[in-house]
There are 2 protein chains.
Amino acid sequence: MSKNPKIDALSKFEWTIMNELWELENASARDIIDALPENSQRAYTTIQTYLERLVEKGYLSKKKAGNVNLYQTVIPRDEIVDGATNSFIERVFQGSGSSLAAYLIKNKQLRKDDLEQIRQILEEGDDDA
Amino acid sequence: MSKNPKIDALSKFEWTIMNELWELENASARDIIDALPENSQRAYTTIQTYLERLVEKGYLSKKKAGNVNLYQTVIPRDEIVDGATNSFIERVFQGSGSSLAAYLIKNKQLRKDDLEQIRQILEEGDDDA
DNA sequence: ATTCGTCTCCTACTTATGTAGTAATTTAGC
DNA sequence: GCTAAATTACTACATAAGTAGGAGACGAAT
């Protein structure tokens, strides 16, 4: 049932944690810490707090394995990415996805090789989409 | 000098306000309220609070015109959009702009005609980028 | 001049986010 | 069996974000 969390509601550092969880699947606080890059390190208990809060919010499930708590994502990453992206587009590009795309292409985000990559996706997806 | 605000730090409703300001240029609290859509209405003083906080943060300047405060954006929208987009890509698409682009293309955001539009941009920008 | 509406300024309260300490518990070594 | 390291559970505190009320000033209408 997982109290239907408001999609998009992840904060910056929550994203950091969640990204690890989606990667690791079923990890302990220690696992998370070990996986986090230097600049994302926090006190052990800080990580625990995030984990617990994410459980409360319905993003993670928790189960005990011996004495250790293991956490696991409840919602597929795609779904969260989708919500976050929609919300972002809404705010920043007044709801226009193509506007974002145009921005990406025109501004420094995409380089020559990226364009090539995207063109390839276009080539493939275009005919049967 | 405007105390160099952390780019990207705008919250959801701050975006709503700022979007109006970029549109209106130099507006009063009343102007903002009148411009906001139904579902973004708040108490008059709530809007005022947002405006004042945005001034503190260095996003807006304020000047009195008679008895009324007029607010004006300090930073061009493009710049803020840029910071927000970078930060978003960092979090959600692990820093890969092309990954976002691919997502946009593959998932519901872009339809056939959008693709055409983007392809045109690609055609043009490709050779001299 | 008194009143009404509007606006500013200041204050306040709630929930969320960021961050972490402490006490108690567990377990792995000696 | 006792100690050290790791972990959990609980508590705490600061700042940000969200939302708004009240007091007082000011200008317009009467």
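Here is how names work: the chains are called A, B, and so on, in the same order as the sequence lines, proteins then strands, and each is numbered from 1.
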By nearest-heavy-atom nucleotide on DNA chain C, the more 5' of Tyr50(A) and Leu70(B) is Leu70(B)
Thr46(A) side chain N/O closer than 4.0 Å to the phosphate oxygens (OP1, OP2) of dA20(C)?
-> yes
Paired with Ser28(A), the side-chain contact (heavy atoms from CB on, under 4.5 Å) test is passed by just one of Asn69(A), Val68(A), Leu51(A), namely Val68(A)
Kindly say if Lys62(B) contacts the phosphate of dC7(C), meaning a side-chain N or O under 4.0 Å from OP1 or OP2.
-> no
Taking the six-membered ring of Phe13(A) (Phe, Tyr or Trp), confirm whether the NZ or CZ of Arg42(A) is under 6.0 Å from its centre and within 45° of its axis.
-> yes
Residue-phosphate contact under 4.0 Å: Arg30(B) side-chain N/O, dC7(C) OP1/OP2 | yes
For the residue pair Trp22(B) and Trp15(B), does the interplanar ring angle fall in the parallel (under 30°), tilted (30 to 60°) or perpendicular (over 60°) class?
-> tilted
How far does CZ of Arg91(B) sit from CE of Met18(A), to the nearest 0.5 angstrom?
-> 14.0 Å
Start at the 5' end of DNA chain D and walk down; is the nucleotide closest to Gly66(B) or to Ala43(B) reached first?
-> Ala43(B)
Look at Tyr44(A) and dT8(D) and indicate whether a side-chain polar atom (N or O) is within less than 4.0 Å of OP1 or OP2.
-> yes
Pick the nucleotide of DNA chain C nearest each of Ala29(B) and Arg53(B); which residue has the one closer to the 5' end?
-> Ala29(B)
How is Thr49(A) classified with respect to the nucleic acid when contacts are heavy atoms under 4.0 Å: base, sugar-phosphate, or nothing?
-> base
